[in-house]
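Side chains included, hydrogens not; waters and symmetry mates left out as well; all remaining heavy atoms used. The chain is numbered in sequence order, starting from 1. Just so you know, ligand 1 is whichever comes first in the structure, and atom 1 is the first atom listed for that ligand.
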Amino acid sequence: MRSFVDVILPLPLDGVFTYLVPEEITCSLRPGMVVRVPFGHRRTCPAVVVRSHNDEPVGYRLKKVLSLGSGEPVLTELQMRLLDWISDYYLCPKGDVMKAMLPSILRPGDDREKAFRPKTETCIRVAGVFDIQDYAGRQREMLSAYLELSSDADIVTKKALLEVCNSSSALSALVSKGVLESWKHEIGRLPVFDGKIYPVNKLNSYQESALSSIRKSFSTQDICLLHGVTSSGKTEVYIHLIKECIDRGGQVLFLLPEIALTLHIMRRLQKVFGNDMCVYHSRCSDAERAEIWNRQLGSEPFKLVVGARSAVFLPFRNLSLTIVDEEHDSSYKQDEPAPRYNARNVAMVLSSYSGAKVLLGSATPSMESYYNALNGKYGLAVMEHRFMDIPLPAVDVVDVYELRRKKRMTGILSPLLENYMRDALNGGNQVILFRNRRGFAPVVHCQACGWAPKCDSCDVNLTWHKGLSRLSCHYCGKTYGMPEVCPECGAGSFGFYGYGTEKVEEEVHSLFPNAITGRLDMDTVSSTGAYEQVLQDFQDGVTNVLIGTQMVSKGLDFERVSVVGILNADSMTGNPDFRSAERAFQMMQQVSGRAGRKYGRGHVVVQTGRADDEFYSIVTGGQYSQFYQNEIEERRLFHYPPFYRIVSVCLKSTDNTILDEAAGWMGNQMNMIFPDRVLGPDAPPVTKVQMQYIRRLMLKIETESSLRPVRERLILLRRELESHYSKVSVHYDVDPM
Ligand code: ADP
Ligand code: ZN
Ligand code: ZN
């Protein structure tokens with residue numbers, strides 16, 4: 001009987017491809033293995049086996065599998081199921097999912113075989129019996145150096161040996177006489193923790209009771225939400241759960257929204273779990289990722305994997321608990337490129353396949369998760385008190401519009417914030433200022449005619465970066481020199497308006513000449529390690545005012561911060577996106593959570609031009625439940641999640657006219673198939689990025705109805721559109737954030 005395999009190619013193509021299997025390799029094929037197959041005209045391509053079978057496909061000439069890769073499967077069966085799920089749910093080709101899952105060294109490459117090579121070092125050992133008395137001079141010294149080193153260590157490296165007796169010629173003479181020999185010793189690339197291991201901290205009564213509600217909920221349910229205010233000790237509760245799970249022989253996956261932002265948590269976990277844990281994220285080198293991957297496939301996998309979103313793709317043998325910290329965070333969602341997946345949701349699917357429990361943790365849960373918890377779909381555990389009962393900070397909302405009108409505020413900082421800052425700095429405390437815009441001045445224009453510099457490739461005004469002395473496009477990263485004169489009217493004077501983090505820093509310096517500032521935004525942390533340095537300096541008190549974008553809001557735990565300023569809250573709430581209120585609330589709560597974590601009550605000053613907005617009275621109250629009640633009604637009324645699922649459709653082309661036509665066609669088709677559930681097509685606020693024009697549509701489907709038929713229609717539509725309009729590309733984003 002002839003046998004066949006279905007394989008996934010590492011290309012953005014829908015579906016699987018079938019090949020004929022030559023007899024000599026039939027019996028060794030297993031799902032998850034890599035094979036090399038012919039593809040296209042003269043190319044061959046490595047691919048991953050999904051299934052072997054005997055159903056001869058009809059209608060086309062079959063090609064043969066050329067060869068078998070290295071042997072062992074690189075993906076487990078469970079991972080292959082997960083791959084299918086991601087590809088189905090997120091409407092994304094399997095090849096793209098495979099590429100996202102595998103570290104590139106393990107991934108079947110496009111044209112050259114990249115093999116994962118374990119890291120080795122050269123060592124020396126005895127090759128035959130010898131009597132040291134038979135040797136003299138340098139060779140005798142070499143042998144006695146060898147004997148000395150091998151008496152305290154199991155392995156003698158060549159490097160260590162030559163440090164004691166520096167004569168490579170004596171060494172090679174001994175090797176050629178067959179007395180010594182060199183060999184390759186395999187060593188790991190992963191950092192080894194050699195600090196002290198501490199026992200878990202004792203929990204306080206609130207934490208104990210949250211822990212027992214979690215355990216209780218896990219006895220009947222698979223997912224539990226831990227809603228604990230900032231600094232209530234959620235991490236301590238996680239540590240207890242992880243410990244219990246590992247002690248029972250299970251593996252734990254701990255997801256964090258962004259690894260760079262969570263150095264603190266990693267250090268805390270490492271103190272308890274030492275070398276039982278590893279850290280996996282996209283900033284690890286490819287070889288490190290492959291090493292972790294292989295170790296997870298082997299017989300002694302790490303018991304705790306801490307990682308950012310890509311850690312959900314690792315193989316686990318016995319996953320029994322997944323923790324998703326800051327589960328509301330939008331960085332769990334990958335926007336670009338495909339697969340556009342949400343790691344929180346993928347983690348839930350992975351856990352259900354593995355029979356593992358899931359704990360979601362947040363001070364400001366996502367609307368979806370809280371809704372599910374209130375409806376009994378998830379368990380719920382609550383911690384309303386901060387550790388040591390430190391009160392939550394006092395929040396003042398300041399109306400900057402009013403202050404400016406009355407000429408009581410001319411710069412960026414309101415008098416109230418300035419006073420709090422002065423007190424804080426005089427008292428030896430620290431300040432965090434949040435502004436979600438980098439650069440110096442976001443608005444630049446000619447004072448004679450109003451001309452404003454724009455990016456060549458994007459439909460965006462450029463931001464002035466004073467330190468760089470350049471104008472910069474925040475969409476594509478291109479920078480430009482400042483023109484001497486206006487290219488439109490020839491006048492020579494430009495106005496700079498608005499402010500970004502860079503200008504905030506300048507104002508702080510002029511108001512507080514003794515303040516030492518640190519700045520955390522994409523401009524200051526572009527080089528590796530710079531991020532950690534800025535935070536370390538603040539932690540050590542080398543700096544006392546930290547200014548930054550959203551980066552300052554997450555996972556930081558500084559003891560001496562007594563004042564937090566949110567400088568332009570309207571730039572967060574004024575966004576037309578249906579999630580903007582949710583995101584602004586989360587951001588403000590998270591940033592405020594940085595204030596007064598240890599030494600008494602902190603102050604938060606929120607500066608806004610719309611102080612009367614009900615939203616701000618909710619922010620001042622700091623009650624999540626009040627925010628939730630308001631927001632959930634809006635979501636119900638306007639058909640948004642958690643009541644509806646959203647699929648956003650994005651069309652791109654370098655040709656605006658054809659794009660318009662294609663978007664019109666798509667709109668008509670979608671309206672016919674999904675009546676009353678389509679918004680658009682329309683142009684986003686930024687209509688062109690990197691020479692590509694953009695149009696969007698939004699599809700809303702009732703949460704309780706099945707998505708399967710919807711997905712099938714959408715896949716057909718995409719194919720049809722791309723065949724009518726070859727210059728237009730379409731992508732779908734399911735559950736966009
Ligand atoms: P959250 O994750 O909820 O923001 P953390 O777990 O970071 O809170 O706790 C806030 C601070 O309180 C941390 O510095 C932590 O070390 C300390 N802390 C919380 N609970 C305990 C405990 N049971 N024993 C000792 N320290 C604790
Ligand atoms: Zn001009
Ligand atoms: Zn640009």
Side-chain angles (χ1 to χ4, degrees), residues 198-211 226-242 254 256-257 261-269 271-272 323-327 359 361-365 381-390 392 444-463 470-480 483-495 539 553-561 589-599 686-692 694:
Y198 293 83
V200 296
N201 286 326
K202 195 169 152 19
L203 297 184
N204 67 23
S205 61
Y206 309 121
Q207 296 165 345
E208 272 300 346
S209 82
L211 183 62
L226 171 58
H227 178 206
V229 296
T230 49
S231 212
S232 54
K234 292 183 290 298
T235 314
E236 298 295 327
V237 174
Y238 302 150
I239 291 174
H240 278 250
L241 278 170
I242 297 169
F254 187 124
L256 297 164
L261 300 175
T262 29
L263 214 63
H264 280 79
I265 291 190
M266 273 168 40
R267 288 197 187 132
R268 279 165 69 183
L269 293 170
K271 276 189 183 168
V272 180
I323 292 170
V324 185
D325 191 24
E326 311 288 2
E327 64 87 27
L359 181 64
S362 177
T364 50
V382 181
M383 294 197 290
E384 288 170 328
H385 301 265
R386 289 180 138 193
F387 182 61
M388 306 289 271
D389 282 309
I390 291 165
L392 282 160
V444 179
H445 54 73
C446 165
Q447 285 178 322
C449 76
W451 172 86
K454 283 195 153 206
C455 180
D456 293 342
S457 323
C458 313
D459 178 23
V460 176
N461 287 335
L462 300 173
T463 297
R470 305 281 290 173
L471 290 159
S472 152
C473 169
H474 287 185
Y475 280 76
C476 72
K478 241 195 222 178
T479 68
Y480 302 79
E484 302 255 307
V485 295
C486 170
E488 199 63 31
C489 73
S493 89
F494 294 95
Q539 169 104 334
S553 71
K554 297 180 201 178
L556 309 178
D557 181 10
F558 299 113
E559 296 180 355
R560 303 216 65 98
V561 173
Q589 294 295 306
Q590 297 286 343
V591 184
S592 321
R594 308 301 130 214
R597 280 168 80 100
K598 231 167 214 167
Y599 301 103
V686 174
T687 56
K688 185 178 83 171
V689 174
Q690 291 188 302
M691 303 312 280
Q692 300 260 6
I694 306 167

Taking the Zn ion (ligand 2) as the vertex, how big is the angle to SG in Cys486 and SG in Cys489, rounded to 10°?
110°

Tell me whether the count of non-hydrogen atoms from other residues, nucleotides or ligands lying under 6.0 Å of CD in Glu384 goes above 12.
no

Run the contact test for Ser232 against ligand 1 with a 4.0 Å cut-off on heavy atoms, strictly below, and give the result.
yes

Using a 4.0 Å heavy-atom cut-off, which part of Lys202 comes near ligand 1: side chain, backbone, both, or neither?
backbone

Using a 4.0 Å cutoff against the non-hydrogen atoms of Gly233, which atoms of ligand 1 qualify?
1 (P), 3 (O), 5 (P), 6 (O), 8 (O), 9 (O), 19 (C)

Given that the side chain starts at C-beta and the backbone is N, CA, C, O, which of these parts of Arg268 lies under 4.0 Å from ligand 1, counting heavy atoms, or is it both or neither?
side chain

Establish, from distance only, whether the side-chain atoms of Ser493 and Gln447 form a donor-acceptor pair under 3.5 Å.
yes

Please determine whether side-chain contact (heavy atoms from CB on, under 4.5 Å) holds for the pair Val229 and His385, giving the CA-CA distance in whole Å, both sets of side-chain angles, and the decisive distance to 0.1 Å.
CA-CA 7 Å; Val229 296; His385 301 265; 5.9 Å; no

Are more than 12 heavy atoms, taken from residues, nucleotides or ligands other than Lys271, located less than 6.0 Å from that residue's NZ atom?
no

Where the Zn ion (ligand 3) is the centre, what is the SG-to-SG angle for Cys473 and Cys476, rounded to 10°?
110°

If the Zn ion (ligand 2) is the vertex, what is the angle to SG of Cys449 and SG of Cys446, rounded to 10 degrees?
110°

Part of Thr235 with heavy atoms under 4.0 Å of ligand 1, whether side chain, backbone, both or neither
both

Ligand 1 atoms in contact with Leu203 (distance to a heavy atom under 4.0 Å):
23 (N)

When Leu211, Val382, Asp389 are each screened for side chain to side chain contact (heavy atoms under 4.5 Å, CB included) with Tyr206, the one that passes is Asp389

Ser457 and Tyr480 have their tightest heavy-atom pair at N-OH, 4.4 Å

Ranking Ser362, Ala363, Ser231, Gly361 by closest non-hydrogen atom to atom 10 (C) of ligand 1, top hit is Ser231

For Asp459 and Lys454, what are the C-alpha separation, side-chain angles and deciding distance, and is it a salt bridge (charged side-chain N to carboxylate O under 4.0 Å, His left out)?
CA-CA 7 Å; Asp459 178 23; Lys454 283 195 153 206; 2.8 Å; yes

Could you tell me whether any N, O or S atom belonging to His474 is less than 2.8 Å from the Zn ion (ligand 3)?
no

Looking at ligand 1, does Val229 have a heavy atom less than 4.0 Å from it?
yes

Winner among Val237, Ile390, Asn201, Ile239 once heavy atoms are compared against atom 24 (N) of ligand 1:
Asn201

For the side chain of Gln692 and the backbone of Val689, is there at least one donor-acceptor N/O pair under 3.5 Å apart?
no

Can you list the steps and then say if Val237 with Leu226 is a side-chain contact (heavy atoms from CB on, under 4.5 Å)?
CA-CA 9 Å; Val237 174; Leu226 171 58; 4.3 Å; yes

